[in-house]
> 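Have a look at this one before I ask anything.
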Amino acid sequence: MTDPVLSLKGISKRYGKLEVLKNVSLDVHAGEVVALLGENGAGKSTLSGIIAGSRAPSEGSMAWLGQDYAPASPREAIDKGVVLIHQELKLLPELSIAENVFIGRWPMKNGVVDRAQMVRRAQEQLSRLNLHIPATRKVGGLSTANQQLIEIAKALALNAKLLILDEPTAALGGVETEALFEQVRKLRSEGVGIIYISHRMDEIKRITDRIVVLRDGERVQDFADSATPVRTIVESMVGRSLDRLFPPVPDPTSKTVLKVDGLTSVDGAFNDVSFEVKAGEIFGIAGLIGAGRTELVRAIAGADPVRSGTVTLDGEQLALKSPNDAIAKGIVMVPEDRKDQGLVVSHRIGENIVYANLDKMGSRWLMPAMKRRFADAAIKAFGVKGRSDQLASDLSGGNQQKVVIAKWLTRNPRVVVLDEPTRGIDVGARAGIYDIIVGLAKSGVAVIVVSSDLEEILGVSNRIMVLAQGRQTGILNRSEANDVSVMELATQ
Amino acid sequence: MVALDVKEQGSTSMGLLSRLSGATGPLIGLIALCIFLSIGTDTFLSVRNGLNILDQITVLGIMAVGMTFVILIGGIDLSVGSVLALSMMVMGWTANVAGLPMGAAIVLALIVSGFSGLLVGIMVTAFRVPAFIATLAMMSAARGVANMITDGQQIVGFPDWFMMLAIDRHFGVLTATVFLMLVVVAIAWVFLQFRSEGRMLYAVGGNPEVARLAGIKVHVVTIGVYVACAVLAGLAGIVLAARLDSVQPSSGFGYELDTIAAVVIGGTSLSGGSGSIGGTLIGVLIIGVLRNGLNLLNVSPFLQQVIIGVVIVLAVGAETLRRRRA
Amino acid sequence: MVALDVKEQGSTSMGLLSRLSGATGPLIGLIALCIFLSIGTDTFLSVRNGLNILDQITVLGIMAVGMTFVILIGGIDLSVGSVLALSMMVMGWTANVAGLPMGAAIVLALIVSGFSGLLVGIMVTAFRVPAFIATLAMMSAARGVANMITDGQQIVGFPDWFMMLAIDRHFGVLTATVFLMLVVVAIAWVFLQFRSEGRMLYAVGGNPEVARLAGIKVHVVTIGVYVACAVLAGLAGIVLAARLDSVQPSSGFGYELDTIAAVVIGGTSLSGGSGSIGGTLIGVLIIGVLRNGLNLLNVSPFLQQVIIGVVIVLAVGAETLRRRRA
Amino acid sequence: KDVKKIGLAVANLQANFFNQIKQSVEAEAKKRGIEVVTVDAKGDGPTQVNQVQDLLTQNIDALIYIPAGAAAATVPVKLAHTAKVPVINIDRNAVGAPGDTFIATNSVSSAKGVCDYIIKQAGGKGNMVIIHGQKGTTPEVDRTKGCMEAVKANPGVKIVAEQWSNLWSQDEGFQIMQNMLQAHPDVNIVFAQADGLALGAAQAIKVANPSQKIAVGGFDGDTAALEALKNGVFDVTATQQTQKMGRMAVEMAVKIVGGEKVPAEQLLDATLTTKDNVAGFIANHP
Ligand SMILES: Nc1ncnc2c1ncn2[C@@H]1O[C@H](COP(=O)(O)OP(=O)(O)OP(=O)(O)O)[C@@H](O)[C@H]1O
Ligand SMILES: Nc1ncnc2c1ncn2[C@@H]1O[C@H](COP(=O)(O)OP(=O)(O)OP(=O)(O)O)[C@@H](O)[C@H]1O
Ligand SMILES: [Mg+2]
Ligand SMILES: [Mg+2]
């Protein structure tokens, strides 16, 4: 084999007393795709950041093409050809797509930014990813999936020699993922080294040449062969044996809890949607990106206004003017974007849990000890790795997501809506969240799950409704649902 | 060692120091300032001067409490100085021209102030006018109305008991107005720390969309906060009227920047979601002590302006350095 | 139909309307204001009055350009009024007391202004003092220094050619100062729209962390912007000196709020990352036309304050309504 | 008893008139070996109350008080008297609580003199505009009153426009005059209630370059304005005796503390100043 392009030796990283990476060594060769796996908080993003020059290691050294390599800034790394697609979106909503793609290195002509060239080249990158929106459009207002694709286009435009993709598909559906994979394969054949981070096991097996597993900041195991059974990999990640991902799904009762009739959005994102969810039922909503699933469930949770249609809960027709109305009636939502909608990331997680329960505590004095007890109970019930006085921003993505769910469940809701509940969450934690979902159903709650992960939606739902371009194209029972039947409806 | 322990605890449990959040640097600055002035002058460190300083910060202190609420939710209020003047003129006119009893005049003044806050709140929530613009407009309009009430004239001469509120030192210590300020500060502190409505301000300031999806009525909270801020500005106007025994429509000109400065020096973040009343009190005291001390040091007025600028930066910069070291 | 087409294009291609981004509402407001004043007075609609208005907005216009830069990167600058006064006093002292040639005096004044901006920039970047506090401190300090230069006295009497810059209407139309303002506006527009340094301001204002990760030197950009804003404030001071043929340390008092208001009315967002010079020009014109028009209408000063407040809210509120409908 | 320390509470040092008094007080006190503690309220009444408190804390022997705000506040005087410190009011006096003595210019008669002069210059008739000071303030009210006496005596004079400034500043004077000329191009008499406003107005007239001669009157006798008057920038002002006021104030302080009786009110005349007699005032400001 050739010499590695990138070689890490004994990298460690500490935040105060916390040791996030412990003596990690890693080689990446030209033209290979290395999967970096690990639970939430294992240190994958931290390691990526160190390679890409946005954080400095506490110990250890790196070599790039045989030379010592210690980038002081992301710019230095980019100039050498090391490009990182961040786990969090790093886009400027007020600028156009084209400007975002070329941010900081806009093409110039005669001392001014050459807009025509910039737009043209950006458009080329977009079409590589099958994204057909004008590159002159503002990024703000695009769906998360499209923004993620733009983030990828931004990296493709940099002509990287080493590309790190940190959970690029977390917000993508099947079609977009395919387009991305095509590009990854193309880059690999061009000799680009790739580090690929994901929590979706099926992807890992399809795209990567070699698997490296991190656990608690240590490199614990390698799998050279992508034929290794998923279970073996997962057990290596979580450090214990894991019997199953999806728990058995219970049968619903016959009592209808939620009834949605002819619901139509104000801006046309969804049209004339009708369905019922029974107590104890897990109702999945599937569809391609942009099908209007998020808009639909936001409307049910009172977050957006509707043009027409009704929502009935336990036989009572609701007038949902705000999330507050919905919550008061017992409809709660775990939103798809946890950083902007689920958590105040700059506040402590204890506070975040309390925020969702303030009305219940309204008449009482909020003594710190009481708040802590309340929050600690919720944190413990969901196995969040963290303390109530930690800032939400210091938690790993998976643990943040658990906090978002945890903050609701003390309220004993009637209907729980989960939009992309496991986006960016590791397999081990995912099993925990599925247990929570099933546990809710067992306790008689009506659960609605929206997901772009087909395996997930097939795995947990009693019934699956499919949306295509805002229209409801069918509802499948668990027995008739499989990837083919769902995709057929989704592309109608 | 003991100090270290306290700090350790403070950062994990919700101890006193952490409650002051961003204000530890300014607190150190305030203490340094006091030590310096105690050594540099022979008049600073006396009960009499301490009480003077308390007297001098009443108006600013009351307004800064309302401003803390506003800034906590990520807003800003430039109209406080004008609302203060409006409240004074309404009170003065009602009592001395319309001849109603003083108590009624005060209530009416506070109602008018609250109404101006309500207008701002509606502009900000229903019409999405940025708070900066809505309150800038209110700043201009309220000043205009305050002027129109008496066509720019002042009104003097209120009942003796009213003026005495700002002068009589009960039990030889606190005037009624200082006592009022302390009560306002205490209530605000308890409200923000221990009441769920108070915590809502932090949630709204931290991220309004998260707060809304968590079932908090963001619009109601926002309007409530602007009303509270305006009523407190109005109350500060009443205190000022007692202190001056007169009302004039030009009062409170430029107070908005002083008030915002006090709040921000006290560690409340202008982007909302973090800060505390304790910090604001420190900010108010820094401004009050600084002005008082520079006068006692007989620093020339022009040089005072330079020194005030430098001390403000040092007080806030100290916080940054402290954090960086920690 | 045609209008509709243009709008469609505007939102996808970078048409003129979209370049004004948030300023369409205010533009409508400005036009409505002009129509109203043309009907309501017989003096508003004349070439001469138009030139007067241009004269009257030069100082505000030049300062507002610098402020647009600052607000675009998500900052704020409260020191512009004081820096303007400082620049004037430095120029006046150098020319009339130290007796250096006028050109040297102007250059020195601009250097001193730039230096004050540099200090602010360093405070904001290296010491992470919030811009509000850093510039508030500079506002106080610069005013103090301006006063100390002549112990508060004004200086009068500059060379004739200097005063003529603000008086002589070349080709019967533009004075040199108005021409200077137009040049500043044009350069700033080109800079922001077409230079990569200009686009960096949008990136830094949109999200400094994103900008940093993209390799933009956020600190350098920030310091540069505060220096530019201060130099432009200093330049506005020179213009004001020519206009008044005298300098005094109290000049520019309260201009910071006017300037910020002009920028924000013009659709630049206080949170940074969006806005345009075209919008700022509209904001400046709204303030200029409004003041001019109310005087022509002979409206009493108190009522003027109320009307100004109402118009500001309407101009900005119109933008919100327009968007909601779109 | 001797005076060792005087407190000087100035309304607003940004105004030349007050700054001149301040400088005169400090010079006179220095001559007599008295320490002066100066504070500047920047035009804000409440700030001044705070500052007077601070002055009293420093055990001053007398307070020279130039009230800030639209009209004099009573509280500083009451505070001083409670602390048994005599008060010398300059420029403004509070109704309810007057100082031990009050030194000021007779604004009404002086303003009448200025307006008489500019009306005479214009030949006793014509269109007149008034640029007022800050509306509702004592000087604004008095100067308006005095000028209106002159206007009433000349039926040929018609007031076509009035505007008020907020800061008495040159910039405002410029802007207001520019707009007035726009609305009334045939103006030939301008009374601006302060020299700053007058200088601004004169500059605006210069810019507009009207065909008729316009007579401009100011008030105060600011150092810079006197220079301008000499150069013919505007026509007339009323020079207030700021130096004398400062000297007198210190003198009164010494007298009162020494136990002498002083008159309750001492009004000084502002001298009508034109190009002819301005040289003397520039050399030696009264
Ligand atoms: N700035 C910081 N200060 C303190 N701790 C931090 C900081 N940044 C990250 N951490 C901690 O470092 C650990 C590793 O985080 P990292 O983001 O690298 O995990 P990850 O493997 O990418 O997880 P995920 O799959 O959820 O993205 C976590 O426990 C996290 O809480
Ligand atoms: N903030 C927004 N402003 C305007 N249009 C939007 C916005 N967000 C989404 N849309 C549009 O609404 C439609 C559906 O949105 P969205 O992509 O969120 O649907 P979804 O089925 O929930 O997909 P996802 O998997 O991304 O959640 C799309 O046409 C999208 O472009
Ligand atoms: Mg990660
Ligand atoms: Mg969605």
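Chain letters run A, B, ... following the sequence lines, proteins first, then strands; residues in each count from 1. Reckoned from all heavy atoms, side chains included, excluding hydrogens, waters and symmetry mates.
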> Answer with side chain, backbone, both or neither: which region of A:K339 has an atom nearer than 4.5 Å to a non-hydrogen atom of chain B?
backbone
> For B:F115, look at atom CZ and say whether over 12 heavy atoms of other residues, nucleotides or ligands are found less than 6.0 Å away.
no
> Which atom pair, heavy atoms only, marks the closest approach of B:L213 to A:A303?
CD2-CB, 3.5 Å
> Sub-3.5 Å donor-acceptor pair from the side chain of A:H347 to the main-chain atoms of B:G273, do we have one?
yes
> Could you measure the distance from the CG atom of A:N324 to the CD1 atom of B:I216? Nearest 0.5 Å is fine.
9.0 Å
> Among B:K217, B:R212, B:M200, single out the residue with the greatest number of heavy-atom pairs under 4.5 Å to chain A.
B:R212
> Which atom pair, heavy atoms only, marks the closest approach of B:V210 to A:K407?
CG1-NZ, 4.3 Å
> Mark yes when over 12 heavy atoms from residues, nucleotides or ligands other than A:K329 sit less than 6.0 Å from its NZ; otherwise mark no.
no
> Return the minimal non-hydrogen interatomic distance between A:D340 and B:N207, and the atom names on each side.
O-ND2, 3.3 Å
> Looking at A:V332, A:I327, A:N352, A:V345, which one has more heavy-atom pairs under 4.5 Å with chain B than the rest?
A:I327
> Given heavy-atom pairs under 4.5 angstrom as the criterion, report whether the side chain, backbone, both or neither of A:R338 touches chain B.
neither
